[in-house]
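Keep in mind it's a predicted model, so treat the numbers as computed, not measured.
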Amino acid sequence: GVVMKFACKDFEPVRISVPAGRQLIVFSASYGSDSHSDNDVTQAVIEYLVNDNAIDHEGGVHTAIGDPEPGVPKTFRIVYGYSQRFTCLDFQPVVISVEEGLSLHVFRATYGSANVYNTEPGDLEAQVPFAPPAKDVTKQIADIVVNNKLVHYGGVHTIPTIGDPEPGVLKKFILSYGVVMKFACKDFEPVRISVPAGRQLIVFS
């Protein structure tokens with residue numbers, strides 16, 4: 001996915017959104033003073049800030065998740081992003097990049113017979129009886145991401161660490177990746193994070 005960071009001080013408003021049709025994913029959240037910036041509040045954000053697949057909170061996050069250090073200036077930080085899906089057949093190029101300042105993150109990648117896959121997004125392994133299971137190549141794909149870009153020509157099977165799992169059979173490559181962002185704010189500042197209708201907000205940490 002693409003990774004972004006955001007931070008804000010106390011009382012500052014927090015408004016975060018992702019492109020239409022994408023799913024917002026929150027990877028981590030922390031809240032504390034400069035000496036306690038690693039104070040993890042991910043679970044609290046999930047329970048008390050995420051509402052209707054969005055975050056929109058004013059007056060400071062401490063009013064929702066509590067104040068870990070009363071009377072001390074604090075910063076709220078969130079790492080968040082959104083997922084996307086990419087597919088291609090044998091010999092087709094794989095070219096994925098993100099905007100400057102963001103980080104590309106691979107969630108999952110599979111490679112196998114084109115007969116394995118259903119056409120509906122999300123059905124990564126809708127197998128038919130005669131088709132072998134797709135090969136999980138998540139790590140191999142993540143390893144060739146360079147400078148937040150995934151660029152490979154000649155077909156996925158030409159990647160040395162992947163190879164051709166089924167020679168002579170038409171295969172499909174399916175990649176799930178996302179844009180990941182970070183957000184932070186100080187006490188009393190509003191927090192607003194939303195995703196498009198029909199998408200689910202996920203907080204990782």
Side-chain angles (χ1 to χ4, degrees), residues 1-6 16-29 42 53 78-183 193 195-205:
V2 182
V3 181
M4 290 188 283
K5 299 180 180 180
F6 178 88
I16 295 175
S17 61
V18 298
R22 304 302 181 189
Q23 177 184 359
L24 178 62
I25 301 172
V26 179
F27 290 92
S28 64
T42 305
N53 202 36
I78 287 185
V79 182
Y80 70 101
Y82 59 87
S83 62
Q84 302 185 72
R85 191 170 186 258
F86 172 89
T87 66
C88 69
L89 297 175
D90 285 338
F91 300 98
Q92 294 180 332
V94 178
V95 181
I96 298 173
S97 62
V98 299
E99 297 179 11
E100 185 177 355
L102 305 182
S103 300
L104 180 63
H105 179 81
V106 175
F107 295 127
R108 187 185 184 206
T110 58
Y111 183 52
S113 170
N115 292 323
V116 171
Y117 304 99
N118 189 291
T119 56
E120 291 299 318
D123 294 337
L124 297 181
E125 294 179 346
Q127 300 180 25
V128 294
F130 57 84
K135 179 179 180 180
D136 188 322
V137 295
T138 305
K139 183 180 185 303
Q140 296 92 318
I141 294 299
D143 286 345
I144 65 172
V145 173
V146 178
N147 295 327
N148 294 313
K149 294 181 180 180
L150 175 58
V151 180
H152 186 80
Y153 294 93
V156 173
H157 67 285
T158 63
I159 299 174
T161 56
I162 295 178
D164 191 338
E166 300 171 75
V169 175
L170 180 64
K171 291 169 290 296
K172 178 180 286 187
F173 172 66
I174 296 183
L175 171 67
S176 175
Y177 70 101
V179 178
V180 182
M181 296 147 278
K182 295 183 180 181
F183 172 88
I193 299 174
V195 297
R199 301 296 178 177
Q200 178 183 7
L201 176 63
I202 303 174
V203 179
F204 284 86
S205 63

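A donor-acceptor pair under 3.5 Å is formed between the side chain of Glu166 and the backbone N or O of Ser113. Checked by atom type and distance alone, the side chain of Asn148 pairs as donor or acceptor with a backbone atom of Leu104 at under 3.5 Å.
Side-chain contact between Thr138 and Val106: present, with at least one pair of heavy atoms (C-beta onward) separated by less than 4.5 Å. Side-chain contact between Thr110 and Lys172 is absent, with no heavy atoms from C-beta onward closer than 4.5 Å. Using a 4.5 Å heavy-atom cutoff, the side chains of Val94 and Leu150 are in contact. Residues Lys149 and Ile96 have side chains not in contact (no heavy-atom distance under 4.5 Å, counting atoms from C-beta outward). Side-chain contact between Leu89 and Phe91 is absent, with no heavy atoms from C-beta onward closer than 4.5 Å.
Rounding to the nearest 0.5 Å places NE2 of His152 at 4.5 Å from CD1 of Ile159. Taken from CD1 in Ile141 to CD1 in Ile162, the straight-line distance is 4.0 Å, to the nearest 0.5 Å.
Salt bridge present: Lys171 and Asp164 bring a charged side-chain N and a carboxylate O closer than 4.0 Å.
For the pair Tyr153 and Pro93, the tightest heavy-atom approach, listed with the atom from each and the gap, is CD2-CB, 3.4 Å. Tyr177 approaches Phe86 most closely through the heavy-atom pair CE2-CB, 4.1 Å. Across Gly163 and Pro165, no two heavy atoms sit closer than the pair O-CD, 3.4 Å.
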### Steps toward side chain to side chain contact (heavy atoms under 4.5 Å, CB included) verdict (Asp90, Leu170)
CA-CA 7 Å; Asp90 285 338; Leu170 180 64; 4.3 Å; yes
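A ring-centre distance under 6.0 Å is not found for Tyr111 and His157.
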